[in-house]
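When reading the values below, keep in mind they use all heavy atoms of this one structure, side chains included, and skip hydrogens, waters and symmetry mates.
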Amino acid sequence: MRLSKSLIPTLKETPAEAQIASHRLMLRAGMIRQMASGIYAWLPTGLRVLSKISQIVREEQDAIGAQELLMPTIQSADLWRESGRYDAYGKEMLRITDRHDRELLYGPTNEEMITAIVRDSTKSYRDLPQLAYHIQWKFRDEVRPRFGVLRGREFLMKDSYSFDLDYEGAVAVYKKTMLSYMRTFQRIGITAIPMRADTGQIGGDLSHEFHILAPTGESGVFYDAAFEAGDAIGVTDVDAFYDQVTTIYAATDEKHDTAVWDEIPEDRRREGRGIEVGQIFYFGKKYSEAMGFAVTGPDGQKIYPEMGSYGIGVSRLVGAIIEARHDEAGIIWPDAVAPFRAAILNLRQGDAVTDALCERLYAALGADALYDDREERAGAKFAEADLMGHPWQIIVGPRGAANGQVELKRRATGERFELSVEEALAKVQG
RNA sequence: CGGGGCGUGGCGCAGCCUGGUAGCGCGCUUGUUUUGGGUACAAGAGGCCCCCGGUUCGAAUCCGGGCGCCCCGACCA
């Protein structure tokens with residue numbers, strides 16, 4: 001993308017409403033604009049990040065056999081009356097009526113809907129288990145939206161739902177999902193820690209929250225340093241991984257147990273702050289029974305499926321990643337989710353040599369590069385590249401360009417390399 | 001939902017107390033300048049002062065009502 005022609009409205013000064021780092025930086029980097037309290041438009045760079053995160057989430061869901069589908073955002077009130085949650089959910093649910101005065105709602109979650117869909121299309125125990133997910137916009141009418149995208153009212157979430165014949169099956173999916181989540185966060189490039197959690201609105205008796213470590217996190221977290229060295233990607237034994245991950249100590253301040261804490265060797269104790277970016281639940285037959293969903297078993301008896309639901313806050317992750325990775329100058333994107341892998345900074349726009357060199361780099365890098373081809377001072381280009389946080393900056397100035405050299409800067413470390421075009425490309429693409 | 005604050009060009013703000021019809025910085029446009037860390041000078045463009053009503057000869061300013069947004073707390077993917 002050529003910056004001179006892009007809709008990337010960066011801001012030199014911070015809008016008054018933004019208090020927290022990720023909110024400030026997302027506005028200043030031109031990723032989002034607020035359209036109403038807790039409701040944001042995602043501009044091109046913001047959307048690119050959202051899409052990259054979604055894609056990683058999608059790949060990891062597919063890898064555990066979850067099937068992607070897409071349910072509507074608007075749901076019928078009647079559906080929620082079946083589970084009894086229409087009255088239970090309270091003011092967080094946005095309720096609307098259509099022209100015929102039919103009661104509808106903008107979905108805050110989809111347990112009822114997926115249960116109805118699976119109920120109406122599976123009749124035999126042979127049709128189970130089922131595991132399905134979608135990545136879809138949700139709406140929860142928060143009393144007090146804040147922190148930008150971290151607590152918006154409209155947010156993008158990956159939610160998946162499982163239906164199993166028995167408890168063992170349900171717990172197996174739960175464990176598999178736990179592993180897939182740890183892989184997902186690791187691939188994104190952040191440390192996430194699973195912690196035992198309450199089940200809240202969803203109900204049930206087994207649940208974990210996933211927290212990203214960030215100094216500005218909303219909850220205090222206590223954990224064993226073993227999490228920092230954890231590797232989920234190479235894991236093949238799901239059960240062993242689950243046992244290991246759930247026995248290492250980790251708790252939010254609400255559930256912190258000082259007795260257990262004191263038994264952990266002192267050099268492994270870590271205290272920090274966390275942002276919740278996901279939660280998984282096993283809740284048994286809560287919805288299948290309430291909504292009359294049973295399949296016929298091998299012996300002709302009804303079996304009410306054991307269910308679970310699993311969420312990752314995709315839009316919240318964008319803010320959470322920034323909270324975890326930024327400095328004075330701006331965002332520091334992990335390679336995997338950066339809107340652009342590299343920025344090409346033309347320090348002398350209009351100079352035949354630097355222009356030609358930049359065009360060559362841009363042609364080689366394609367869509368994953370942002371070419372700063374504006375008529376701007378070098379300083380402005382540096383400042384904006386740091387703000388937007390591209391993992392690599394390829395700096396093309398008249399000094400080096402004359403002998404085919406460019407400067408490559410790594411945003412995360414500040415390292416700089418004087419390289420030939422080929423070497424720079426190899427490094428960026430490698 | 002309790003408490004506090006704010007609403008004035010795209011962004012950040014001043015002006016309001018002590019009514020006289022709007023100003024500063026940044027950004028934007030044009031020219032010159034500068035050319036490796038948000039350059040300097042000059043000339044421009046751009047405002048229903050959140051909305052409605054009231055007081056007044058006259059309202060951004062005072063009064064009433066409404067709407068929007070932010071912060072703290074309780075609540076939450």
- If you measure from the P atom in B:A22 to the same atom in B:C28, how many Å do you get, rounded? 26 Å
- Item | Atom-to-atom span, CG of A:D141 to P of B:C75 - whole angstrom | 18 Å
- Task: Take atom CD of A:Q19 and atom P of B:G73, then tell me their distance rounded to the nearest Å.
- Result: 12 Å
- NA contact type, A:G152, heavy-atom cut-off 4.0 Å: base, sugar-phosphate, or nothing? base
- Quick one: do the A:S207 and A:Q279 side chains pair a donor with an acceptor below 3.5 Å? yes
- Considering only atom P, compute the distance from B:G23 to B:A43 and round it to an integer number of Å. 16 Å
- Message: Under 3.5 Å for both donor-acceptor distances, Watson-Crick or wobble: does B:G47 have a partner, and if so which one?
- Response: none
- Message: Between A:V277 and A:G148, which residue's closest nucleotide on RNA chain B lies nearer the 5′ terminus?
- Response: A:G148
- Could you run through nucleotides 34-44 of chain B and give me one letter per nucleotide, 5' to 3': B if any protein heavy atom sits under 4.0 Å from the base, S if only the sugar-phosphate is that close, - if neither? BSBBBB-----
- Message: Taking the minimum atom-to-atom distance to the side chain of A:E13, which one of B:C72, B:C70, B:G12 wins?
- Response: B:G12
- Query: Quantified in whole Å, what is the P atom distance between nucleotide B:A60 and nucleotide B:C69?
  - Reply: 25 Å
- Task: Would you mind classifying the nucleic acid contact of A:A36 as base, sugar-phosphate or nothing, using non-hydrogen atoms under 4.0 angstrom?
- Result: sugar-phosphate
- Item | Modelled atom types, side-chain donor and acceptor of A:R183 and A:Q186, under 3.5 Å | no
- Message: Can you check the distance between B:C16 and B:C72, where both ends of the measurement are the P atom (answer in whole Å)?
- Response: 29 Å
- Query: Taking the nucleotide of RNA chain B with the closest heavy atom to each, which residue, A:G311 or A:T14, is nearer the 5' end?
  - Reply: A:T14
- Message: Give me the distance, rounded to whole Å, that separates B:G27 from B:A45 when you measure between the C1' atoms they each carry.
- Response: 13 Å
- Query: Taking it one step at a time, do A:Y282 and A:E306 satisfy side chain to side chain donor-acceptor pair (under 3.5 Å)?
  - Reply: CA-CA 8 Å; A:Y282 157 75; A:E306 297 272 350; 2.4 Å; yes
- Item | Qualifying residues under side-chain contact (heavy atoms from CB on, under 4.5 Å), relative to A:K427, sequence neighbours excluded | A:W392, A:L408, A:F417, A:L419
- Message: Let's see if you get this right: which residues in residues 130-138 of chain A place a heavy atom under 4.0 Å from RNA chain B?
- Response: none
- For B:A40, which nucleotide in any strand shown is its Watson-Crick or wobble partner with both distances under 3.5 Å? B:U32
- Message: I want to verify a distance call: between B:C75, B:C69, B:C11, whose nearest atom is closest to the A:R146 side chain?
- Response: B:C75
- State yes or no: are the ring centers of A:Y310 and A:Y181 separated by less than 6.0 Å? no
- Task: Classify the ring geometry between A:H23 and A:Y40 as parallel (under 30°), tilted (30 to 60°) or perpendicular (over 60°).
- Result: perpendicular
- Item | Check ion pair A:K91-A:D141 (N to O, under 4.0 angstrom) | no
- Query: Whole-Å distance between B:G10 P and A:L7 CG?
  - Reply: 16 Å
- Interatomic distance where NE2 belongs to A:H23 and C1' belongs to B:C11 [whole Å]: 14 Å
- Do the non-hydrogen side-chain atoms of A:R102 and A:S76 ever get within less than 4.5 Å of each other? no
- Query: Can you say whether the rings of A:W261 and A:H256 are parallel (under 30°), tilted (30 to 60°) or perpendicular (over 60°)?
  - Reply: perpendicular
- Task: Go through the steps for A:E112 and A:R119 under the test salt bridge (Lys or Arg N to Asp or Glu O under 4.0 Å), then give the verdict.
- Result: CA-CA 10 Å; A:E112 283 79 359; A:R119 176 189 64 197; over 6 Å; no
- Task: Measure from CD on A:Q34 to C1' on B:C11 and round the result to the nearest Å.
- Result: 15 Å
Please produce a list of atom pairs where a protein N or O lies less than 3.5 Å from an N or O of nucleotides 1-9 of chain B.
unit_1: B:C1; atom_1: OP1; unit_2: A:K91; atom_2: NZ; d: 3.1

- Query: Taking the inter-plane angle between the rings of A:Y174 and A:H208 on a 0 to 90° scale, is it parallel (under 30°), tilted (30 to 60°) or perpendicular (over 60°)?
  - Reply: tilted
- Message: When the C1' atoms of B:C62 and B:C49 are compared, how many Å lie between them, rounded to an integer?
- Response: 16 Å
- Task: Just name whichever nucleotide pairs with B:C62, Watson-Crick or G-U, keeping both distances under 3.5 Å, else none.
- Result: B:G54
- Message: Please give the distance between the P atoms of B:U39 and B:C6 as a whole number of Å.
- Response: 33 Å
- Message: Applying the Watson-Crick and G-U wobble criteria at under 3.5 Å, what pairs with B:G68? Answer none if nothing qualifies.
- Response: B:C6
- Task: Using the P atoms only, state how far B:G3 lies from B:G10, rounded to an integer number of Å.
- Result: 34 Å
- Figure out the CD/C1' separation between A:E218 and B:A74, and round it to whole Å. 13 Å
- So which pairs with a foot in residues 329-344 of chain A pass salt bridge (charged side-chain N to carboxylate O under 4.0 Å, His left out), sequence neighbours left out? A:D335-A:R410
- Message: For A:E13, give me all partners under side-chain contact (heavy atoms from CB on, under 4.5 Å), at least two apart in sequence or on another chain.
- Response: none
- Item | Distance, rounded to the nearest Å, where A:E142 contributes CD and B:C71 contributes P | 13 Å
- Message: Any carboxylate oxygen within less than 4.0 angstrom of a Lys/Arg side-chain nitrogen, looking at A:R81 and A:E103?
- Response: yes
